[in-house]
Amino acid sequence: MLSEQEILNNAFKDMLFHEQVLANKLAELHQEITEPQIQKLFQGMEMAARTRQNMLTQKMSGFGIV
């Protein structure tokens, strides 16, 4: 049985992984799209995902996960 700390570790790591995948996919789409308005949209969404990634990393540090 997993301890509460292990469950938290796994949850944070899973969230961080999914944010990284999302940010990378949005960066790819930003490069592929030629319409400037849509490029800006994807760029903004990527920046938001990277911000969430940084926030998660900071939270993980506070919990002693990273």
Side-chain angles (χ1 to χ4, degrees):
M1 181 149 231
L2 295 176
S3 70
E4 187 175 327
Q5 184 66 33
E6 291 170 322
I7 293 169
L8 276 174
N9 288 352
N10 291 342
F12 273 118
K13 287 177 182 178
D14 192 45
M15 287 187 297
L16 184 61
F17 171 76
H18 287 290
E19 285 298 338
Q20 289 171 335
V21 169
L22 177 61
N24 292 340
K25 184 61 180 172
L26 290 167
E28 287 176 26
L29 290 170
H30 173 254
Q31 295 298 319
E32 292 175 11
I33 301 296
T34 58
E35 173 63 39
Q37 294 276 27
I38 298 174
Q39 273 185 329
K40 265 187 176 176
L41 176 70
F42 283 127
Q43 186 178 26
M45 292 169 66
E46 178 196 355
M47 287 171 41
R50 299 274 183 219
T51 299
R52 287 190 303 271
Q53 237 180 309
N54 289 335
M55 287 174 29
L56 280 170
T57 302
Q58 289 174 357
K59 292 283 185 192
M60 289 169 73
S61 302
F63 284 102
I65 297 171
V66 174

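On a predicted model such as this, the values are computed, not experimentally measured, just so you know.
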Q: Is the number of heavy atoms from other residues, nucleotides or ligands under 6.0 Å of E6 CD greater than 12?
A: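 Yes, because the 6.0 Å sphere around CD of E6 holds more than 12 heavy atoms from other groups.
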Q: Please check if any side-chain donor atom of E28 sits under 3.5 Å from a side-chain acceptor atom of N24, or the reverse.
A: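 No - no donor-acceptor pair under 3.5 Å links their side chains.
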Q: So do F12 and L16 actually touch side chain to side chain, heavy atoms under 4.5 Å?
A: no
Q: Tell me whether L22 shares a hydrophobic cluster with L56, the cluster being built from Ile, Leu, Val, Met, Phe, Trp, Tyr side chains joined at under 4.5 Å.
A: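 Each belongs to a different hydrophobic cluster.
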Q: Enter the distance from E32:CD to I38:CD1 here, rounded to the nearest 0.5 Å.
A: 12.5 Å
Q: Quick check: do L29 and M45 have side-chain heavy atoms less than 4.5 Å from each other?
A: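 No, every pair of side-chain atoms sits at 4.5 Å or beyond.
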Q: Quick one: pull up CG in N10 and CD in Q5 and give me the separation to the nearest 0.5 Å.
A: 10.0 Å
Q: Under the side-chain contact (heavy atoms from CB on, under 4.5 Å) test against Q53, which residue among Q20, H18, M15 passes?
A: Q20
Q: In Å and rounded to the nearest 0.5 Å, what is the CD to CG distance from E19 to D14?
A: 11.0 Å
Q: Working to the nearest 0.5 Å, report the span between CD of Q43 and CG of L41.
A: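 Going from the CD atom of Q43 to the CG atom of L41 covers 10.5 Å.
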Q: Could you give all pairs that pass the salt bridge (Lys or Arg N to Asp or Glu O under 4.0 Å) test and reach residues 33-46, with sequence neighbours left out?
A: E46-R50
